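In listed order, ligands and their atoms are each counted from 1. Since the model is a prediction, treat every value here as computed from it, not as a measurement.
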Amino acid sequence: MPQAKIIDGKQVAAKLHQALKEEVVALTKQGVTPGLATVRVGEDPASQVYVQMKEKACAMIGIMSRGIRPPADISQEDLIAQIEELNSDSNIHGILVQLPLPGHLNTPTVLQHVNPDKDVDGFHPLNLGKLLSAKYWEELPRFIPCTPAGVIKLIDSTGVEIAGKQAVVVGRSIIVGKPVAMLLLARQATVTICHSRTSDLGALTRTADILVAAVGVPQLIKGKMIKPGAVVIDVGVNRLEDGLVGDVDFNQAKEVAGYLTPVPGGVGPMTIIMLLTNTVRSAKAQLS
Ligand code: GUN
C-alpha cells in the first residue's frame, strides 16, 4: 500500500499569504488599513499561544491588530461593553473573541454582541444561520468560521472532488464540527456527523472518502478506522507530555489514507490565514 500524500498546510497557507498581502497594500493605499481586535479573556495558556500567533500573522501581512485583554473574572456586562466599543470603532474591521471563555460567561450571549459585519470568526448567530440556510457554496455568508474554511481549502488542495462523496465529520463543536459539516454539505458531499455518543465509530469512519477529525481525543482515529485512499483532515491539537498530537494516529493513518494532514503543520496555518482573509474581506466591504 503506497503511503499517504502529506498535505502541507504551511505551503497552502503561504500561497494565499502573498495574494492577501498585496490586497492589504492596495487597501492601505486607498486609506484603509485592515484592523483586527483580538479579545482574550484571562490567561488560558493555549489561548495565549493562539492569539499571539494570530497577531504575529497580522503584523506580517500589514493588518493592524489591537489586543484586548480583560481579566478572567470580568463580568459579562463589562465584556459586552468592551465589544460594543470595538463595534463602533471604524478602525476595527474584525473582532475575534478567543474561545473558550471562562465558565461564568455565556459564550453564545457574548458572541451575539459582536457586530455581524465584523464577525471574522463567523460565530455570530446571524452568520451561523446564514451558513445553515445556504444550499450551495455561492450562498454562503461573507464570514464563515476560519478552521472549517481552512479544512475545505486543504481538501481542495488535493484535487479530490467533494461533490458526491461520503464525508464523515467526527466532532460537533460550533468552532469546527458543525460548520465544517455544513460547508461539506454546501459542496454537495453526503455528510455524517459523529460524536462522543456515536456507537461503532469505526464502522462510520470507514465509509468516509473524506474524514474530518475534530473531537480533541488524542489519536482516536486508528488506521483500521480509515477507508483506503481517503482524504483525512486532522483538526485535533492535543498536548501530550511528549509533544503535540492530533485526533488521528498519524503513523497508522499514513499507511492507509490517500491524503493526510500532519499535526502541527496541517490545519493550524490555515485557520490563521482564513482569519486574515476574513479581516481583509471586512475592510474591503467597508470601503465599498
Ligand atoms: N478557539 C479554538 N479555535 C478558535 C477559533 O477559530 N476562533 C476562536 N475565536 N477561538 C478559538
Side-chain angles (χ1 to χ4, degrees), residues 9 13 16 36-58 63 65-70 72 74 79-80 82-83 86-87 92-103 105-116 118-128 131 141 143-154 169-183 212-217 233-239 244 246-247 261 263-264 266-279 281-282:
L16 298 169
L36 174 71
T38 60
V39 181
R40 194 200 75 210
V41 181
E43 306 295 327
D44 177 74
S47 291
Q48 286 184 17
V49 173
Y50 290 140
V51 170
Q52 198 178 32
M53 282 162 68
K54 290 170 183 177
E55 290 181 340
K56 237 167 95 179
C58 280
I63 294 175
S65 68
R66 186 187 305 165
I68 313 290
R69 301 286 179 265
I74 189 171
L79 178 59
I80 289 169
Q82 293 206 18
I83 291 172
L86 297 167
N87 284 342
I92 296 295
H93 305 97
I95 301 169
L96 170 138
V97 180
Q98 186 65 28
L99 303 178
L101 291 171
L105 299 169
N106 183 299
T107 301
T109 304
V110 170
L111 295 177
Q112 223 165 27
H113 284 83
V114 173
N115 178 346
K118 298 189 177 188
D119 176 35
V120 287
D121 251 332
F123 294 154
H124 188 283
L126 187 73
N127 287 319
L128 287 173
L131 173 61
F143 302 123
I144 55 177
C146 302
T147 302
V151 167
I152 300 294
K153 290 258 185 218
L154 289 178
V169 177
V170 187
R172 55 176 154 180
S173 75
I174 204 69
I175 296 176
V176 187
K178 280 188 200 170
V180 90
M182 291 303 111
L183 294 180
V212 180
V215 259
V217 179
I233 308 290
D234 188 354
V235 187
V237 181
N238 306 292
R239 268 161 243 279
L244 218 57
D247 291 348
T261 61
V263 176
V267 174
M270 295 303 296
T271 297
I272 295 180
I273 198 77
M274 298 320 296
L275 172 69
L276 305 184
T277 302
N278 279 349
T279 305
R281 188 171 292 159
S282 181

Can you tell me the protein heavy atom closest to [atom] and the distance?
atom                    : answer
atom 10 (N) of ligand 1 : L99 N, 3.0 Å
atom 4 (C) of ligand 1  : I175 CG2, 3.9 Å
atom 11 (C) of ligand 1 : Q98 NE2, 3.3 Å
atom 9 (N) of ligand 1  : D121 OD2, 2.6 Å

- Task: Could you tell me whether some N/O pair between Y50 and ligand 1 is separated by less than 3.5 angstrom?
- Result: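 In this structure, Y50 places no N or O atom under 3.5 Å from an N or O of ligand 1.
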Name each donor-acceptor pair under 3.5 Å that joins a side chain in residues 268-277 to protein atoms two or more places apart or in another chain, with its distance.
unit_1 : atom_1 : unit_2 : atom_2 : d
T271   : OG1    : T147   : OG1    : 2.8
T277   : OG1    : I273   : O      : 2.7

- Can you measure from CD1 (I92) to CD1 (I68) and round to the nearest 0.5 angstrom?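 With rounding to 0.5 Å, CD1 (I92) is 7.0 Å from CD1 (I68).
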- Item | Donor-acceptor under 3.5 Å (D121 side chain, I95 main chain) |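 A pair under 3.5 Å: no.
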- Message: Between N278 (side chain only) and V120 (backbone N and O only), is there a donor and an acceptor less than 3.5 Å apart?
- Response: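 Yes, because the side chain of N278 sits within donor-acceptor range (under 3.5 Å) of the backbone of V120.
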- Message: Can you give me the closest heavy-atom contact between I175 and P179, atom names plus distance?
- Response: O-CG, 3.8 Å
- Note on the structure: From the list R66, K54, E55, side-chain hydrogen bond (donor to acceptor under 3.5 Å, both in side chains) partner of T38 resolves to E55
- Where ligand 1 meets V97 - atom numbers and elements under 4.0 angstrom, heavy-atom basis: 8 (C), 9 (N)
- Message: So, 4.0 Å and heavy atoms of F123: is ligand 1 close enough to count as a contact?
- Response: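 F123 counts as a contact of ligand 1 under the 4.0 Å cut-off.
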